[in-house]
Q: 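Got a structure for you, written out below as structure tokens; questions coming shortly.
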Amino acid sequence: MSNPGNQPDLRDLPPEGVQELLVSLGEKPFRARQVLRWLYLGGARNFGEMTDLSKNLRARLAEAARLTDLEPAEVHTAADGTRKLLYNLEDGARIEGVLIPEEDHHTLCVSSQVGCRMGCKFCRTGSLGFTRGLRPAEIVGQVLAARRLADEARPLTNLVFMGMGEPLDNLDHLLLALGHILGEYGLQMSQRRVTVSTVGLADRLADLGAGTPAALAVSLNASNDALRSRLMPVNRRFSLATLKAALLAYPLKPTRRITLEYVLLGGVNDRPEQALELATWCRGLKCKVNLIPFNPHEGAGFQAPDEATVLAFQRVLLDNNLTALFRRSRGAEIGAACGQLAARATAEDDEDPED
Ligand code: SAH
Ligand code: SF4
């Protein structure tokens with residue numbers, strides 16, 4: 001038998017790769033369709049589950065390839081039903097996701113990396129440092145596991161890449177995983193309901209836009225370069241002007257808008273004049289703003305703003321003809337910190353009937 005370490009994980013391959021592998025095993029190309037169906041819509045956890053393949057083919061597949069099967073090692077449930085899912089990966093790395101129940105569906109907050117190297121000052125993941133990017137199989141594996149936890153009345157329909165990591169810092173794997181999530185041979189999820197959230201790696205935005213029709217969210221969090229560079233070191237590489245130019249060039253469908261996420265940090269970026277500066281920066285961009293009250297965590301050194309401050313900030317944006325949403329946080333008591341708050345606002349807002 002071949003060394004298991006060298007076997008490709010079928011969910012790390014694009015559909016053509018799965019087809020090539022089957023052809024190399026002496027199968028007809030059409031067999032790939034059947035296997036791909038098991039990999040994604042069928043959510044097969046091992047080759048044995050692919051029951052309409054011959055036993056012989058299943059055995060040969062198990063020799064030639066492997067399947068990563070993610071199962072949460074721990075699930076913490078908050079009073080409002082929000083679940084934090086912790087996964088142990090095969091190399092001992094740990095990642096988390098958050099599964100958020102809504103009235104008629106679930107939203108999953110997906111991780112793209114183990115840790116993050118962007119080092120944003122207010123972010124818990126940023127303070128953990130960086131280990132590695134996730135493989136496509138580990139990204140889509142989170143979605144498959146969460147589908148099993150969702151229920152028929154509230155299926156998993158919405159994804160936001162707002163868990164651990166910076167998706168554009170793992171772009172090739174992200175795009176492959178998005179193919180598995182959105183594609184004809186994959187889970188066929190709706191492109192309007194899958195959102196990639198990025199800190200704004202301006203030099204990768206064009207490749208993202210060319211590589212996927214998924215929705216885009218950008219974490220802005222400050223309205224001028226001095227403050228943004230202090231909070232988000234990435235701004236020293238890509239200034240707000242550079243970021244805006246990249247966003248203006250982003251290929252958006254006519255009815256779609258970019259979501260701008262703005263984490264409100266008490267006394268730091270939450271003043272009305274900063275809201276005005278933000279509104280000015282937004283001019284000309286097809287965008288909407290999600291206001292996210294800071295979710296405190298140990299050692300962060302920031303505070304959540306009070307609600308009146310948030311509402312005053314929102315008012316300035318609305319008065320300047322921007323769409324600006326603010327929703328209260330969920331799941332905070334299980335440490336479902338950071339991204340999922342943004343997650344909820346973004347996912348719920350995408351119900352515009354236009355497309
Ligand atoms: N790296 C990507 C996606 C993961 S972070 C990004 O930065 O966009 C997802 C969202 O969570 C970002 O908008 C980020 O600004 C926000 N966030 C991080 N820490 C937070 C905290 N403690 N409270 C509220 N939002 C937070
Ligand atoms: Fe990374 Fe996003 Fe956290 Fe910044 S906010 S450190 S980019 S996960």
Side-chain angles (χ1 to χ4, degrees), residues 95-98 100 107-134 139 142 159-171 174 194-202 204-205 208 214-223 227-238 243 247 258-266 268-270 278 287-305 310 325-332 335-347 349:
I95 52 165
E96 60 185 59
V98 183
I100 308 157
T107 296
L108 178 70
C109 182
V110 185
S111 290
S112 58
Q113 299 184 312
V114 183
C116 183
R117 59 178 138 206
M118 298 299 132
C120 302
K121 294 292 184 283
F122 49 83
C123 174
R124 187 168 57 100
T125 306
S127 70
L128 295 176
F130 176 71
T131 306
R132 66 177 174 88
L134 295 179
I139 297 174
Q142 296 169 61
L159 304 182
V160 285
F161 282 81
M162 294 185 191
M164 299 173 91
E166 166 49 42
L168 270 52
D169 191 31
N170 190 20
L171 187 58
L174 175 81
V194 175
T195 302
V196 175
S197 173
T198 172
V199 79
L201 294 179
R204 312 242 168 114
L205 280 168
L208 179 75
L216 176 66
V218 176
S219 300
L220 211 59
N221 301 339
S223 54
L227 182 57
R228 193 163 190 267
S229 293
R230 180 154 79 77
L231 298 174
M232 304 173 71
V234 69
N235 196 71
R236 297 173 203 158
R237 268 200 284 157
F238 304 110
L243 177 57
L247 294 179
I258 296 171
T259 300
L260 300 175
E261 295 152 276
Y262 194 99
V263 177
L264 285 157
L265 306 162
V268 175
N269 65 355
D270 62 350
L278 172 63
C287 65
K288 58 196 171 196
V289 179
N290 277 348
L291 298 174
I292 310 155
F294 174 65
N295 193 10
H297 51 97
E298 222 170 288
F302 293 100
Q303 287 170 354
V310 179
L325 293 149
F326 157 58
R327 288 198 179 84
R328 279 153 204 87
S329 64
R330 296 177 66 179
C338 59
Q340 76 285 356
L341 307 180
R344 182 162 179 261
T346 302
D349 178 47

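For ligands, and for the atoms within them, numbers begin at 1 and follow the listed sequence. Not measured: the values here are computed from a predicted model.
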Q: Please check if the side chain of Arg236 supplies one atom and the backbone of Ser229 the other of a donor-acceptor pair under 3.5 Å.
A: yes
Q: Just need the protein heavy atom nearest to atom 2 (Fe) of ligand 2, so name the residue and atom and give the distance.
A: Gly165 O, 4.5 Å
Q: Of the listed options (Ala304, Ser219, Gly165), which comes nearest to atom 14 (C) of ligand 1 when hydrogens are ignored and any heavy atom counts?
A: Ser219
Q: Show the atoms of ligand 1 that are less than 4.0 angstrom away from any heavy atom in Phe294.
A: 21 (C), 22 (N), 23 (N)
Q: Which atoms of ligand 2 are found less than 4.0 Å from any heavy atom of Gly126?
A: 6 (S)
Q: So with a 6.0 Å cut-off around CZ of Arg230, is the heavy-atom count from everything else above 12?
A: no
Q: What part of His297 sits under 4.0 Å from ligand 1 if we count only heavy atoms: the side chain, the backbone, both or neither?
A: side chain
Q: So, Asn221 and Glu261: side-chain donor and acceptor under 3.5 Å apart, yes or no?
A: no
Q: Side chains of Leu171 and Leu208: closer than 4.5 Å at any heavy-atom pair?
A: yes
Q: I'd like to know whether ligand 1 has Glu166 as a neighbour, heavy-atom separation below 4.0 Å.
A: yes
Q: Do Tyr262 side-chain atoms and Leu278 backbone N/O form a donor-acceptor pair below 3.5 Å?
A: no
Q: Does either side chain, that of Glu166 or that of Ser112, offer a donor lying less than 3.5 Å from an acceptor on the other one?
A: no
Q: Please report the closest heavy-atom contact between Ser111 and Ile139, naming both atoms and the distance.
A: O-CG1, 4.1 Å
Q: Rounded to the nearest 0.5 Å, what's the gap from OG1 on Thr195 to CD1 on Ile258? Could you check?
A: 12.0 Å
Q: Nearest to atom 4 (Fe) of ligand 2, what protein heavy atom do you find, and at what distance?
A: Cys120 SG, 2.3 Å
Q: Under a 3.5 Å distance rule, please check whether Arg124 uses its side chain to pair with a backbone N or O of His297 as donor and acceptor.
A: no
Q: Examine the proximity of ligand 1 to Asn295 and report which part, side chain or backbone, both or neither, has a heavy atom under 4.0 Å away.
A: both
Q: Can you name the nearest heavy-atom pair linking Phe294 to Pro305, along with the distance?
A: N-CD, 4.1 Å
Q: Under 4.0 Å, heavy-atom basis, I'd like to know which part of Asn221 is in contact with ligand 1: side chain, backbone, both or neither.
A: side chain
Q: Working to the nearest 0.5 angstrom, can you tell me the gap between Gln113 CD and Ile95 CD1?
A: 11.0 Å
Q: Could you tell me, atom by atom, which parts of ligand 1 come under 4.0 Å of a heavy atom of Gly163?
A: 4 (C)
Q: Taking the side chain as every heavy atom from C-beta outward, state whether Lys121 and Phe302 have any pair of such atoms under 4.5 Å apart.
A: yes
Q: Looking at ligand 2, does Ser219 have a heavy atom less than 4.0 Å from it?
A: no
Q: Under 4.0 Å from any heavy atom of Val199, which atoms of ligand 1 are there?
A: 6 (C), 8 (O)
Q: If you count the atoms of ligand 2 from 1 in the order shown, which ones are under 4.0 Å from a heavy atom of Val199?
A: 7 (S)
Q: Using a 4.0 Å cut-off to any heavy atom of Cys123, which atoms of ligand 1 qualify?
A: 18 (C), 19 (N)
Q: What do you reckon, does Cys116 put a non-hydrogen atom under 4.0 Å from ligand 1?
A: no
Q: At less than 4.0 angstrom from any non-hydrogen atom of Met118, what atoms of ligand 2 do you find?
A: 1 (Fe), 7 (S)
Q: Any idea which atoms of ligand 2 are less than 4.0 Å away from a heavy-atom of Cys123?
A: 3 (Fe), 5 (S), 6 (S), 8 (S)
Q: Under 2.8 Å from atom 3 (Fe) of ligand 2, is there an N/O/S atom belonging to Cys116?
A: no
Q: Phe161: heavy atom below 4.0 Å from ligand 1, yes or no?
A: yes
